[in-house]
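Scroll down for the structure; my scribbles are underneath it.
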2 protein chains.
Amino acid sequence: MRISTRGDYACRALLSLALHIEEGGPTSVRDIAERTALPQPYLEQILLALKGAGIVRSKRGVGGGYVLAREPAAIMLSDIISAVDGPITVGDFGEPHQDGACDHEGQCVLLEIWNQAGAHMREHLDGYSLASITSIANGESPWPVLHEH
Amino acid sequence: MRISTRGDYACRALLSLALHIEEGGPTSVRDIAERTALPQPYLEQILLALKGAGIVRSKRGVGGGYVLAREPAAIMLSDIISAVDGPITVGDFGEPHQDGACDHEGQCVLLEIWNQAGAHMREHLDGYSLASITSIANGESPWPVLHEH
DNA sequence: CCGTTCTCTACCGGATCGCTCAGGAACGAC
DNA sequence: GTCGTTCCTGAGCGATCCGGTAGAGAACGG
């Protein structure tokens with residue numbers, strides 16, 4: 001899985017929403033773009049994708065903008081990334097034990113390893129919610145202890 | 001990090017070399033391509049990259065071909081992937097705490113998380129050597145116990 | 001009705017990817 | 001020495017994606 005700038009930008013935008021959640025109302029794309037220093041037109045289509053995935057809700061007209069659709073603790077980084085960057089995998093190979101991929105010297109072992117790596121990645125991104133990130137950003141919470149291999 | 005077909009193909013080719021290592025001499029690209037069912041011209045340039053990285057050695061002329069440059073236990077998947085697909089990272093963002101990336105609402109936290117993910121990935125691929133994969137492929141060795149999050 | 005703000009669609013230049021092709025250069029055999 | 005085998009080099013090509021722009025339209029509030 002390669003995390004593109006779309007994924008990064010999406011997380012930045014949502015983090016900004018989470019940080020200002022106490023302000024209540026919707027936040028316009030322009031405000032988000034200013035706070036995050038991201039290109040506004042590009043950010044628009046990213047937010048559109050996030051809306052399509054049900055992560056944010058939108059309101060049009062004066063005073064409109066975007067709001068988180070769920071509480072920050074229920075929005076995981078994996079949700080965000082897969083919403084804008086597609087499914088979290090390390091590459092699109094076939095499944096092991098399919099399509100004769102194993103006909104050649106047991107190389108399906110490699111497919112299995114790639115899938116493991118993808119799963120690893122998903123689990124890692126599943127370990128962070130918007131809530132936990134805001135806590136870390138505000139210094140209210142230390143970095144979680146990470147497993148060392 | 002996205003694992004491209006180049007990385008996959010490189011591992012397949014080297015796995016094939018490792019599986020036939022007892023035969024001694026070099027193996028021609030044509031033979032490798034046949035055994036792995038990979039497109040030969042494409043495989044050639046991949047092997048070239050692997051040679052540049054010092055993972056294989058080559059010999060020209062009749063009876064020539066490619067040989068592993070080190071013992072299979074000393075060749076890690078991470079070596080192979082980074083040789084043909086470039087450094088193992090999840091995306092090329094700046095380092096945290098640089099270039100004013102932290103000027104906007106502590107978003108360098110995200111950069112740190114992406115870097116963690118990349119490190120995670122590297123460690124995972126560093127856990128498999130050509131030797132261990134051949135063992136698994138031959139059924140001589142079980143799958144290693146993986147850490148569950 | 002008018003301005004604000006989201007929504008949609010199209011487009012674009014550049015990069016990358018997977019792969020092919022056409023030689024060229026080293027090597028061994030004879 | 002020349003011939004076939006094999007690696008080596010480099011160009012090129014179609015397709016896809018990526019980051020970003022542009023512009024018109026539609027909902028909403030006042």
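All chains are named by letter (A, B, ...) in the order of the sequence lines, taking the proteins before the strands, and each is independently numbered beginning at 1. Being a predicted model, the structure only gives us computed values, none of them experimental.
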Nearest to the side chain of [X], heavy atoms from C-beta on, is which of [options]?
{"X": "B/Lys59", "options": "D/dC28, C/dG28, C/dG18", "answer": "C/dG28"}
{"X": "A/Arg60", "options": "D/dC28, C/dG28, D/dG19", "answer": "D/dC28"}
{"X": "A/Ser58", "options": "C/dG28, C/dT7, C/dT20", "answer": "C/dT7"}
{"X": "A/Pro41", "options": "D/dT21, D/dG19, D/dA26", "answer": "D/dT21"}
{"X": "B/Gln45", "options": "C/dT7, D/dG29, C/dT20", "answer": "C/dT20"}
{"X": "A/Pro39", "options": "D/dT6, C/dG18, D/dT21", "answer": "D/dT21"}
{"X": "A/Glu44", "options": "D/dT6, C/dG3, C/dC8", "answer": "C/dC8"}
{"X": "A/Lys51", "options": "C/dG18, C/dT7, D/dG19", "answer": "C/dT7"}
{"X": "A/Arg6", "options": "C/dT5, D/dC7, D/dG19", "answer": "D/dG19"}

Rounded to the Å, how far apart are [X] [atom1] and [N] [atom2]?
{"X": "A/Glu34", "N": "C/dT5", "atom1": "CD", "atom2": "P", "value": "11 Å"}
{"X": "A/Ile46", "N": "D/dG19", "atom1": "CD1", "atom2": "P", "value": "8 Å"}
{"X": "A/Ile32", "N": "C/dT5", "atom1": "CD1", "atom2": "P", "value": "12 Å"}
{"X": "B/Asp8", "N": "C/dC19", "atom1": "CG", "atom2": "C1'", "value": "16 Å"}
{"X": "A/Arg30", "N": "C/dG3", "atom1": "CZ", "atom2": "C1'", "value": "12 Å"}
{"X": "B/Tyr42", "N": "C/dC17", "atom1": "OH", "atom2": "P", "value": "8 Å"}
{"X": "A/Gln40", "N": "D/dG23", "atom1": "CD", "atom2": "P", "value": "15 Å"}
{"X": "A/Arg2", "N": "C/dT16", "atom1": "CZ", "atom2": "C1'", "value": "10 Å"}

With a cut-off of less than 4.0 Å, is there a side-chain N or O of [X] near OP1 or OP2 of [N]?
{"X": "A/Tyr66", "N": "C/dT7", "result": "yes"}
{"X": "B/Ser4", "N": "C/dC17", "result": "no"}
{"X": "A/Tyr9", "N": "D/dG20", "result": "yes"}
{"X": "B/Ser28", "N": "D/dT6", "result": "no"}

Could you report the tightest heavy-atom contact between B/Ala49 and B/Val84, atom names first, then the distance? CB-CG1, 4.2 Å
Residues B/Val29 and B/Leu43: closest non-hydrogen pair is O-CD2, 4.4 Å
Return the CE to CD1 distance between B/Met76 and B/Ile55, rounded to the nearest 0.5 Å. 11.5 Å
Test salt bridge (charged side-chain N to carboxylate O under 4.0 Å, His left out) applied to B/Asp85 - qualifying residues, sequence neighbours left out: none
Pair A/Arg12, A/Thr36: side-chain N/O donor-acceptor within cut-off below 3.5 Å: no
When you look at CZ of A/Arg70, are more than 12 heavy atoms from neighbouring residues, nucleotides or ligands closer to it than 6.0 Å? yes
Residue mapping more 5' on DNA chain C - nearest nucleotide basis, B/Thr5 or A/Val29: A/Val29
